[in-house]
**Q** 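Submitted below is the structure of interest, expressed as structure tokens.
Quick note: residue numbers are just sequence positions, from 1. Atoms considered below: every heavy atom in the structure, side chains included; atoms not considered: hydrogens, waters and symmetry mates.
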Amino acid sequence: MSVYFLLALIGACLGSFANVAALRSLDGRDWVRAPSTCCHCGKKLGFFENLPIYGYLRHAGRSACCRQDLPPRYLYVELAMAALLVIAWQTLPMAAFFSYLPFVLLMVIIFLTDFEAFIIPDWTSLGGLALGVVMAALGAPGLPDIGKALLGGVAGYGLIFFINLTYKMLRGRDGMGGGDVKLMALLGVWLGPVSLLPILFSASMAGAFVGIAAILFNRVQNSEAQPAQLPFGCFLCPMALFWLFFAPVVLQPTQ
């Protein structure tokens with residue numbers, strides 16, 4: 001069995017878990033012990049329905065029990081997580097690959113909850129921050145040392161906090177949520193303080209591009225509706241993963 005096939009299979013399983021953890025976190029259900037059930041009729045899913053990717057495609061995107069359409073996001077997240085694990089294996093040293101598996105999973109879950117409900121649960125942001133500090137203290141391969149991790153956490157929190165404070169003073173309202181502040185602290189711990197400005201800048205540029213594109217699309221469609229608000233965590237998470245996978249190669253000094 002090819003290592004890439006095995007990685008993709010594990011990634012798809014983690015993607016299935018990310019879907020469950022994200023959706024159940026938003027509605028308060030137990031995402032650790034409760035069995036998987038149909039999102040329409042509540043019937044407990046069988047073994048084949050629980051299989052990632054195959055379970056979705058087996059009945060052409062419909063539930064086996066009540067034949068209702070399943071959200072395509074289930075399939076997309078499983079495929080995306082499979083691809084992320086393959087990319088991580090290709091770009092990270094083996095020891096760092098295993099160290100950063102929890103981080104990659106957290107980024108996917110945070111993306112999903114922020115996209116779905118503009119919420120970044122504390123168990124992902126603060127829990128992920130605490131896990132990063134512990135792993136840095138234990139000298140996990142690839143992570144910053146404990147000093148840089150703590151500095152990154154403080155810098156990430158302070159950076160967004162003061163940007164939001166300045167925006168509030170000028171506009172009279174928050175520009176970012178508290179979840180984004182905690183998320184930046186998490187990124188600083190796992191990726192170090194040097195990563196913060198590039199991630200923030202690239203996420204801001206991506207958000208501005210998508211926002212402008214949405215405005216222009218509305219104008220072309222002659223729609224008077226305002227474009228939907230954009231959750232900033234949905235731009236921070238992909239840029240953080242991009243930094244994790246490719247910044248070490250870019251920043252490596254030439255021989």
Side-chain angles (χ1 to χ4, degrees), residues 7-8 10-22 25 31 77-78 80-115 120-157 159-160 179-200 202-203 231-251:
L7 286 167
I10 295 172
C13 292
L14 291 176
S16 179
F17 170 78
N19 268 318
V20 171
S25 290
W31 53 269
V77 173
E78 290 167 0
M81 194 69 194
L84 285 174
L85 247 65
V86 171
I87 295 171
W89 182 263
Q90 284 272 54
T91 57
L92 298 176
M94 183 182 297
F97 169 83
F98 290 105
S99 295
Y100 275 101
L101 271 181
F103 178 81
V104 175
L105 182 59
L106 282 170
M107 291 298 100
V108 173
I109 294 174
I110 289 172
F111 180 95
L112 292 174
T113 59
D114 207 23
F115 182 82
I120 300 178
D122 283 346
W123 74 264
T124 59
S125 57
L126 297 181
L129 186 153
L131 176 62
V133 169
V134 170
M135 292 183 67
L138 295 175
L143 269 74
D145 61 53
I146 185 60
K148 290 182 179 178
L150 292 175
L151 177 60
V154 173
Y157 186 94
L159 181 62
I160 296 296
D180 296 324
V181 179
K182 300 169 192 174
L183 174 57
M184 280 296 288
L186 180 155
L187 299 183
V189 166
W190 282 86
L191 302 175
V194 71
S195 70
L196 294 173
L197 286 178
I199 289 173
L200 181 61
S202 57
F232 195 45
C234 290
F235 298 100
L236 287 173
C237 291
M239 294 308 168
L241 290 174
F242 189 86
W243 176 273
L244 171 65
F245 296 149
F246 302 112
V249 176
V250 175
L251 298 177

**Q** Test side chain to side chain contact (heavy atoms under 4.5 Å, CB included) on F242 and S202 and set out the steps.
**A** CA-CA 10 Å; F242 189 86; S202 57; over 6 Å; no
**Q** Mind running side chain to side chain contact (heavy atoms under 4.5 Å, CB included) on L85 and L14 for me, showing each step along the way?
**A** CA-CA 10 Å; L85 247 65; L14 291 176; 4.2 Å; yes
**Q** Over all heavy atoms of both residues, which pair between S195 and P198 is shortest? Give the atoms and the distance, please.
**A**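 The pair with the smallest heavy-atom distance is O-CD, 3.3 Å.
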**Q** Distance check, rounded to the nearest 0.5 Å: Q90 atom CD versus L7 atom CG?
**A**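 The CG atom of L7 is 9.5 Å from CD of Q90, to the nearest 0.5 Å.
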**Q** Any idea which heavy atoms bring V189 and V133 closest together, and the distance?
**A**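 For V189 versus V133, the nearest heavy atoms are CG1-N, 3.6 Å.
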**Q** List in chain and number order the residues that pass side chain to side chain contact (heavy atoms under 4.5 Å, CB included) with C234, two or more places apart in sequence or in another chain; answer none if no residue qualifies.
**A**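 Applying side chain to side chain contact (heavy atoms under 4.5 Å, CB included) to C234 gives F111, D114, F115, P231.
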**Q** Got a second to check how far L187's CG is from D180's CG, nearest 0.5 Å?
**A**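 Between atom CG of L187 and atom CG of D180 there are 10.0 Å.
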**Q** What are the two closest heavy atoms between L143 and A136, and how far apart are they?
**A**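 What the structure gives for the nearest pair is CD2-N, 3.9 Å.
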**Q** Test side chain to side chain contact (heavy atoms under 4.5 Å, CB included) on I160 and L183 and set out the steps.
**A** CA-CA 9 Å; I160 296 296; L183 174 57; over 6 Å; no
**Q** Could you pull out every donor-acceptor pair under 3.5 Å between side chains of residues 97-107 and any protein atom, sequence neighbours left out?
**A**
unit_1	atom_1	unit_2	atom_2	d
S99	OG	A95	O	3.2
S99	OG	P141	O	2.9
Y100	OH	G142	O	3.2
Y100	OH	W190	O	2.6

**Q** From T124 OG1 over to L131 CG, what is the distance, rounded to the nearest 0.5 angstrom?
**A**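 Between T124 OG1 and L131 CG, I get 12.0 Å after rounding to 0.5 Å.
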**Q** Tell me, do V108 and F17 make a side-chain contact under 4.5 Å, heavy atoms counted?
**A**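 Side chain of V108 against side chain of F17, heavy atoms only: no contact under 4.5 Å found.
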**Q** Going by heavy atoms in the side chains, are F232 and L200 under 4.5 Å from each other?
**A**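 F232 vs L200: side chains touch.
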**Q** Show, in sequence, the C-alpha distance, side-chain angles and deciding distance for I120 and K182, and conclude whether the side chain to side chain contact (heavy atoms under 4.5 Å, CB included) test is met.
**A** CA-CA 9 Å; I120 300 178; K182 300 169 192 174; over 6 Å; no
**Q** Looking only at non-hydrogen atoms, find the nearest pair between L196 and G156 and report the distance.
**A**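 For L196 and G156, the tightest heavy-atom pair comes out as CD1-N, 3.4 Å.
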**Q** To the nearest 0.5 Å, how far apart are CZ in F246 and CD1 in I87?
**A**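 Result: 5.5 Å between the selected atoms.
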**Q** Do you know which two heavy atoms are closest between L112 and V77, and how far apart they sit?
**A**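 Closest approach of L112 to V77: CD2-CG2, 3.6 Å.
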**Q** Could you report the tightest heavy-atom contact between L151 and P193, atom names first, then the distance?
**A**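 Heavy atoms only, the tightest pair is CD2-CG, 4.0 Å.
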